[in-house]
Structure formats: structure tokens, C-alpha cells
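Read through the structure below, which is laid out as C-alpha cells, and then see the notes.
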Amino acid sequence: MKYIQIPALFVLALMTLTSCEDVIDLNTGAGPSQLVVDGWLTNEPGQQTIRLSWTSPYFDNSAPKPVTGAEVTVTDDQGKVYKFEDTDSDGAYTWGKTNADTFGHIGRTYSLKVVNGADIFTAKSELKRVPTVDSVVYRHEKWPFEPDKGPREGFVASFYARDIEGEGDTYWIKPIIRGKPVVDKAVNISIAYDAAFGAGAPSDGLIFILPLRESITTDSLYSAGAEIGVELHSITYEAFEFLKQVSEQAANGGLFATPIANVRSNVVNANPNGPKALGFFSASAVSRKETVIDPEKARPDND
């Protein structure tokens with residue numbers, strides 16, 4: 001009889017995969033709550049919002065508890081102070097009530113200050129330049145399978161814009177649906193370094209690459225008559241890395257998943273020994289373009 005030699009590690013792995021499964025309930029203690037800052041400000045006219053909340057235990061699916069009673073201000077590098085107020089006591093601190101109020105200006109640096117009890121938190125962001133969106137186009141598409149979401153036949157939308165010359169510009173690309181930017185899942189975050197995904201590609205001053213252009217079509221095809229578009233937000237490299245890590249954490253799963261961890265924040269406590277903060281503060285310039293899908297104006301499938 002002929003025998004086949006099987007490595008001991010392979011036998012151990014096979015025994016592990018074929019063994020019975022035991023359900024283990026982990027008793028995870030709740031750590032101290034931390035301040036979370038969600039402050040993505042723009043140069044668009046109208047109201048700007050900075051949301052403050054507390055962290056929750058990992059298995060707690062309830063809405064985060066808002067931070068109320070804090071003092072929130074933003075000061076630009078020319079000394080102008082913007083006071084954000086929580087008028088509804090829901091943790092949403094706002095500035096600007098009409099479209100005549102414009103917060104951000106390209107080239108200026110904005111500093112956040114949050115005073116909450118005995119703690120003072122600060123962050124800083126430069127409002128960087130952003131290219132003009134040239135056009136939003138779409139092509140007809142029919143998938144060979146029935147999708148989990150949306151129609152099987154519809155349109156793939158994309159945009160055209162050219163990165164500004166000068167290496168190191170970073171952007172957040174947001175799809176617009178019915179007049180509003182929509183990023184409903186972290187895995188759908190689309191960011192660009194110059195006109196590509198990262199610093200390794202020679203893409204300075206070029207048209208955004210195809211996967212980025214089509215990233216405004218996320219989970220399903222668009223239907224005829226859909227109001228669609230794109231917003232380009234200029235962001236700092238620090239914000240680029242933050243969003244990259246958020247997206248990677250959201251997609252972290254499966255057999256080779258790594259332990260989850262909080263993404264590093266740019267919000268710091270003035271007291272180095274005080275509690276840490278999470279979240280991010282950013283100021284962005286915005287360029288946008290919108291259209292309505294007309295099947296008669298769709299581009300050929302192979303364009």
C-alpha cells in the first residue's frame with residue numbers, strides 16, 4: 001500500500017476546520033467615554049456644523065450620546081473668530097444662518113477650540129485649493145446577474161476633472177443624489193492623491209483616473225431621470241490618511257481580518273495627561289457639478 005506523507009500542521013488545520021463550533025460570549029467591559037469631534041467645514045455659503053458626541057461601548061447599537069454645554073469656536077489665521085452654538089442641545093454646534101454667511105476661504109488656516117468642562121481640545125486645518133469639475137457623464141450598463149440592490153439595467157455615472165498642477169493635492173470625492181452629497185457607508189469613501197489613489201502614481205496635473213471618476217456610482221446603477229452629480233472636497237494629507245484608515249477599518253473582515261482600533265484623530269487635549277479625543281476637524285473648498293440622466297444623451301457603452 002502506498003502512503004502519502006501529510007505535514008503535521010496540515011492535519012492540525014484540518015482537525016480545527018472540521019471540529020465542532022462553540023459559541024463564546026465575550027464579557028467586554030465598557031471603557032471611559034471619549035469626546036468625538038465630527039467637524040467637516042467648507043467654503044460653501046450657509047450653515048456650518050460641528051457635531052460633538054461621546055463614544056459608546058462596542059456592542060451598544062444605540063445612538064451616540066451628544067455632548068452639550070461645550071464652548072466651540074473656530075479662529076482663522078487672520079484672527080477672525082467664528083462661534084458655534086448648540087441651539088437645540090443635541091450636540092450639533094452651528095454657525096451661519098443664511099446663504100449670505102460664508103465661512104471658509106482658500107489658503108487660510110482654521111483652528112478649532114472645544115472647551116468642555118475642565119478639558120480644552122484643539123485642532124487645525126488648512127483650507128486648500130480644489131479643481132473645477134468639468135462635466136458629469138453617464139453610460140448605459142446591463143449587468144449579467146440580478147444585483148442585491150437597484151436595477152439590473154441602468155446607468156453608470158462618472159465625472160471629469162483635472163488635478164491642479166503641483167504634487168500633493170488630496171481630495172474627497174462625494175456623489176450627489178437629488179441635490180445632496182451622499183456617503184452612507186464608510187466603505188464607499190472615495191479619496192484621491194492628485195489624480196490617482198496614492199502618492200506612488202505619477203498623476204500630478206492629470207485627469208482623474210477611471211476608478212475615481214466612476215466612484216460616484218456606488219452600490220447600484222442609476223435610473224433614467226435620476227438627479228446625480230459630484231462634489232470634490234479639498235482636504236489635507238492628514239485628512240486623507242484619516243479617511244483612508246476609516247475606509248480600511250470598515251472593510252476589515254473575513255478570515256484575515258486584523259484587530260479593530262480607533263483611527264488617530266487630529267483633535268488633541270491641551271493637557272497631555274487628560275482624556276483623548278476621537279474624530280476629525282477639517283476645512284475644505286468644494287467644487288460641484290450636477291446633471292439629470294437622459295438616456296438619449298448617454299455615452300456609448302465602450303466609451
Side-chain angles (χ1 to χ4, degrees), residues 38-49 74 76 95-96 98-110 125-138 155-184 188-199 201 203-218 222 226-244 246-247 280-293 297 299:
D38 184 16
W40 299 86
L41 309 182
T42 73
N43 67 340
E44 293 186 300
Q47 190 175 84
Q48 303 288 322
T49 303
V74 175
D76 68 17
W95 174 90
T98 70
N99 286 339
D101 296 328
T102 300
F103 167 80
H105 299 276
I106 293 174
R108 293 186 186 174
T109 299
Y110 295 86
S125 176
E126 180 185 356
L127 199 153
K128 302 173 73 68
R129 60 188 183 174
V130 68
T132 300
V133 179
D134 177 71
S135 59
V136 175
V137 300
Y138 42 90
F155 299 88
V156 173
S158 61
F159 72 94
Y160 280 86
R162 183 181 293 274
D163 170 56
I164 302 172
E165 290 188 3
E167 187 175 353
D169 291 287
T170 43
Y171 313 102
W172 186 359
I173 303 165
K174 299 182 181 183
I176 295 175
I177 301 176
R178 293 186 293 276
K180 295 183 178 181
V182 177
V183 183
D184 55 355
N188 288 337
I189 290 175
S190 177
I191 51 177
Y193 184 102
D194 290 330
F197 289 114
S203 59
D204 177 39
L206 301 181
I207 294 174
F208 285 81
I209 62 174
L210 180 61
L212 290 173
R213 297 202 307 267
E214 290 192 349
S215 67
I216 61 173
T217 304
T218 54
Y222 293 109
E227 301 172 15
I228 61 168
V230 63
E231 277 190 356
L232 280 183
H233 290 238
S234 62
I235 55 177
T236 63
Y237 183 73
E238 192 175 15
F240 174 87
E241 283 295 322
F242 175 85
L243 292 170
K244 179 182 177 182
V246 169
S247 179
F280 207 84
F281 171 72
S282 173
S284 300
V286 179
S287 175
R288 61 187 287 151
K289 195 87 170 181
E290 298 176 72
T291 191
V292 177
I293 291 182
K297 298 179 180 179
R299 293 197 166 190

May I ask you to decide if [Y]'s main-chain N or O and [X]'s side chain share a donor-acceptor pair within less than 3.5 Å?
{"X": "Ser125", "Y": "Ser282", "answer": "no"}
{"X": "Glu227", "Y": "Gly179", "answer": "no"}
{"X": "Ser284", "Y": "Val286", "answer": "no"}

*For atom CD of Glu165, decide whether the heavy atoms of other residues, nucleotides or ligands shown that lie under 6.0 angstrom number more than 12.*
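It does not: Glu165 CD has 12 such atoms or fewer within range.
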Calculate, to the nearest 0.5 Å, the distance between atoms [atom1] and [atom2] belonging to [X] and [Y] respectively.
{"X": "Lys128", "Y": "Tyr171", "atom1": "NZ", "atom2": "OH", "answer": "9.0 Å"}
{"X": "Ser234", "Y": "Leu127", "atom1": "OG", "atom2": "CG", "answer": "5.5 Å"}
{"X": "Ile209", "Y": "Arg213", "atom1": "CD1", "atom2": "CZ", "answer": "8.5 Å"}
{"X": "Arg129", "Y": "Ser287", "atom1": "CZ", "atom2": "OG", "answer": "13.5 Å"}
{"X": "Thr218", "Y": "Asn188", "atom1": "OG1", "atom2": "CG", "answer": "5.0 Å"}
{"X": "Ile293", "Y": "Ile228", "atom1": "CD1", "atom2": "CD1", "answer": "4.0 Å"}

*Tell me, with the steps shown, if Ser190 and Leu212 meet side chain to side chain contact (heavy atoms under 4.5 Å, CB included).*
CA-CA 7 Å; Ser190 177; Leu212 290 173; 3.8 Å; yes
Set of residues satisfying salt bridge (charged side-chain N to carboxylate O under 4.0 Å, His left out) with respect to [X], sequence neighbours excluded:
{"X": "Asp163", "value": "none"}
{"X": "Glu167", "value": "none"}
{"X": "Glu238", "value": "none"}
{"X": "Arg162", "value": "none"}

Not counting sequence neighbours, which residues clear side-chain contact (heavy atoms from CB on, under 4.5 Å) with [X]? List them please.
{"X": "Ser135", "answer": "Val137, Tyr160"}
{"X": "Ile177", "answer": "Val182, Tyr222"}
{"X": "Leu243", "answer": "Trp40, Trp172, Ile189, Ile191, Ile235"}
{"X": "Tyr237", "answer": "Thr170, Tyr193, Phe240, Glu241"}

*Indicate, with yes or no, if the rings of Phe159 and Phe208 have centres closer together than 6.0 Å.*
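Yes, close enough.
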Heavy atoms only: give me the nearest [X]-[Y] pair and the separation to one decimal.
{"X": "Ala201", "Y": "Ala196", "value": "CB-CB, 3.8 Å"}
{"X": "Asp134", "Y": "Lys289", "value": "O-CE, 3.6 Å"}
{"X": "Val130", "Y": "Ala285", "value": "CG1-CB, 3.8 Å"}
{"X": "Thr132", "Y": "Ala161", "value": "O-CB, 3.7 Å"}
{"X": "Ile216", "Y": "Ala157", "value": "CG1-O, 3.6 Å"}
{"X": "Gly168", "Y": "Asp194", "value": "N-OD1, 3.1 Å"}

[X]: side chain to side chain donor-acceptor pair (under 3.5 Å) partners, not counting sequence neighbours:
{"X": "Asn43", "value": "none"}
{"X": "Asp204", "value": "none"}
{"X": "Thr236", "value": "none"}
{"X": "Arg288", "value": "Glu231, Glu290"}

*State which residue, out of Val292, Ile176, Val230, fulfils the side chain to side chain contact (heavy atoms under 4.5 Å, CB included) condition with Val136.*
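Exactly one option meets the side chain to side chain contact (heavy atoms under 4.5 Å, CB included) with Val136, and it is Val230.
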Is there side-chain contact between [X] and [Y], with at least one heavy-atom pair below 4.5 Å?
{"X": "Val246", "Y": "Phe280", "value": "no"}
{"X": "Thr109", "Y": "Asp76", "value": "no"}
{"X": "Tyr138", "Y": "Thr291", "value": "yes"}
{"X": "Trp95", "Y": "Val74", "value": "no"}

